[in-house]
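The structure under discussion appears below in the form of structure tokens.
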Amino acid sequence: MARSSCSRRRRRATRLSSASGIDEAADLLASASRGVALTGAGISAESGIPTFRGPGGLWTQYDPVKVATIENFMADPASYWEVARERGPAVLAAEPNPGHYALVALQNAGRLVSVITQNTDGLHQAAGTENVIELHGSGRTVECLDCGTREARADVQLRLEFQMPPRCRICGGKFLKPTVVMFGEAMPEGAVIEARRLAAEADVMLVVGSSLVVYPAAEIPIVAVRNGASLIVVNDEPTPIDRLAQVVIRGRAGEVLPEVAYKAVNEGG
Ligand code: APR
């Protein structure tokens, strides 16, 4: 009994003070060779893309059942595109922030092998991250469900000013769907299998900016911990897996991750 409460106390101490959490996280990453990051909307918040559930989050303004289920999309594609007409420009104009670039630095230094993301904004790839696993697909492309034609999202976004819902430029069909995984849709099998494999082989799992309430993405860090990985959580509010973590840093990804990466890469933790 005594041993476990002592390690809980040790973990709790690290959790509260971000300064020491940054050193601890850098230590763990400095000796990682199969590190994996799992990211959520929080890493893109500082790029101007609202999150889903935090203050001002998308689902505090819109009903996800109406806007993001495949069932409702097939019944009324405009229910998705009307929201996209408003939100789309900010997402399409967004640039990677220091949090995204810090993960690139960790990958270039051989500390991270992959970034598994729930985000569909493409900002990890835009920052230069390789081997990005997009669990929820990509919002950068749109596919016609009638003829299979694919288009860049930016092109379709321009048509929303005069066409709602937007039509396929080849067949005229009205089911132009972003290549994201909507609620009720099957997950991209290959991406899930690859994410689980990377998590099972990881020596360090770094979770950034996710409320970890959506499955199967939220299971990925648990697969890593079950297979012996150390867990680091960087989030500006508590998450359901904080108790499993060696290090929990309560802070903004764009401020915390550059410090962690700098120490891990340049100071060996
Ligand atoms: N730095 C760190 N964490 C942040 C920041 C920030 N700058 N800003 C917000 N956060 C935290 C929030 O406190 C919240 O816990 O990021 C988390 C974002 O959680 P969600 O909005 O729930 O986003 P996410 O976990 O990615 O959602 C999962 O749900 O709606 C679906 O498909 C959608 O991929 C999405 C999935």
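Just follow the structure's listing: the first ligand is 1, and inside any ligand the first atom is 1. Numbers here simply count residues along the sequence, with the first being 1.
Here Arg53 does not pair with Glu237 in a salt bridge; the nearest charged N to carboxylate O distance is not below 4.0 Å. Between Glu143 and Lys177, no side-chain nitrogen of the basic residue sits less than 4.0 Å from a carboxylate oxygen of the acidic one, so the salt-bridge criterion is not met.
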Just do the side chain to side chain contact (heavy atoms under 4.5 Å, CB included) check on Arg140 and Gln125 with the steps written out, would you? CA-CA 11 Å; Arg140 299 273 161 174; Gln125 295 93 324; over 6 Å; no
Derivation and outcome, side chain to side chain contact (heavy atoms under 4.5 Å, CB included), residues Thr117 and Thr129: CA-CA 11 Å; Thr117 190; Thr129 298; over 6 Å; no
Pair Glu201, Val113 - check side chain to side chain contact (heavy atoms under 4.5 Å, CB included), show working. CA-CA 10 Å; Glu201 292 175 5; Val113 293; over 6 Å; no
What do the steps show when you test Ser47 against Leu123 for side chain to side chain contact (heavy atoms under 4.5 Å, CB included), and what is the final call? CA-CA 9 Å; Ser47 295; Leu123 293 183; 3.8 Å; yes
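Ring pair His100/His124 is perpendicular by interplanar angle, where above 60° counts as perpendicular and below 30° as parallel. Ring-plane geometry between Phe73 and Tyr80 is classed as perpendicular, the angle between the planes exceeding 60 degrees on a 0 to 90 degree scale with a lower cut at 30.
Of the protein's non-hydrogen atoms, the one nearest atom 23 (O) of ligand 1 is Ala41 CB, 3.5 Å. Distance from atom 35 (C) of ligand 1 to its nearest protein heavy atom, with residue and atom name: Phe52 CE1, 3.6 Å. In terms of protein heavy-atom proximity, atom 5 (C) of ligand 1 is nearest to Gly42 O, 3.4 Å. In this structure, the protein non-hydrogen atom closest to atom 19 (O) of ligand 1 is Ser211 N, 3.3 Å. Protein heavy atom closest to atom 27 (O) of ligand 1, with residue, atom name and distance, is Arg53 NH1, 3.0 Å. In this structure, atom 13 (O) of ligand 1 lies nearest to the protein heavy atom Asp236 OD1, 2.5 Å. For atom 14 (C) of ligand 1, the closest non-hydrogen atom of the protein is Glu237 OE2, 3.4 Å. Atom 18 (C) of ligand 1 has its closest protein heavy atom at Gly209 O, 3.6 Å.
Contact annotation: Gly251 has at least one heavy atom less than 4.0 Å from an atom of ligand 1.
Those atoms of ligand 1 that come under 4.0 Å of a heavy atom in Trp59, given as number and element, are 30 (O). Residue contact check: Phe183 has heavy atoms under 4.0 Å from atoms 30 (O), 31 (C) of ligand 1. Annotation for ligand 1: atoms under 4.0 Å from non-hydrogen atoms of Glu46 are 1 (N), 6 (C), 7 (N). Within the listing of ligand 1, atoms 26 (O) sit less than 4.0 angstrom from a heavy atom of Gly40. Of all atoms in ligand 1, numbered sequentially from 1 with element shown, those under 4.0 Å from a heavy atom of Gln118 are 28 (C), 34 (O). Against a heavy-atom cut-off of under 4.0 Å, Ala45 is close to the following atoms of ligand 1: 8 (N).
No N or O atom of Asn119 sits closer than 3.5 Å to an N or O atom of ligand 1. By the 3.5 Å distance cut-off applied to N or O atoms, Val214 is not counted among the residues near ligand 1. Geometrically, ligand 1 and Ala253 share a nitrogen or oxygen pair separated by less than 3.5 Å. Where the criterion is an N or O separation shorter than 3.5 Å, residue side chain and backbone included, Arg252 fails it with respect to ligand 1. Below 3.5 Å of separation, one finds no N or O of Val234 facing any N or O of ligand 1.
Looking only at atom types and distance, the side chain of Ser138 has no donor-acceptor partner in the side chain of Thr179 under 3.5 Å away.
Here the shortest heavy-atom pairing between Ala218 and Val213 reads CB-N, 4.4 Å. Nearest heavy atom pair, residue Ala217 against residue Leu38, reads O-CD2, 3.8 Å.
Closest heavy-atom approach to atom 25 (O) of ligand 1 within the set Ala217, Ser210, Pro238, Pro64: this belongs to Ser210.
Panel note: side chain Asn119, backbone Gly40; a donor-acceptor pair is recorded below 3.5 Å.
Checked against Ile241 for a side-chain contact (heavy atoms from CB on, under 4.5 Å), the options Asn235, Leu231, Val248 give a single hit: Leu231.
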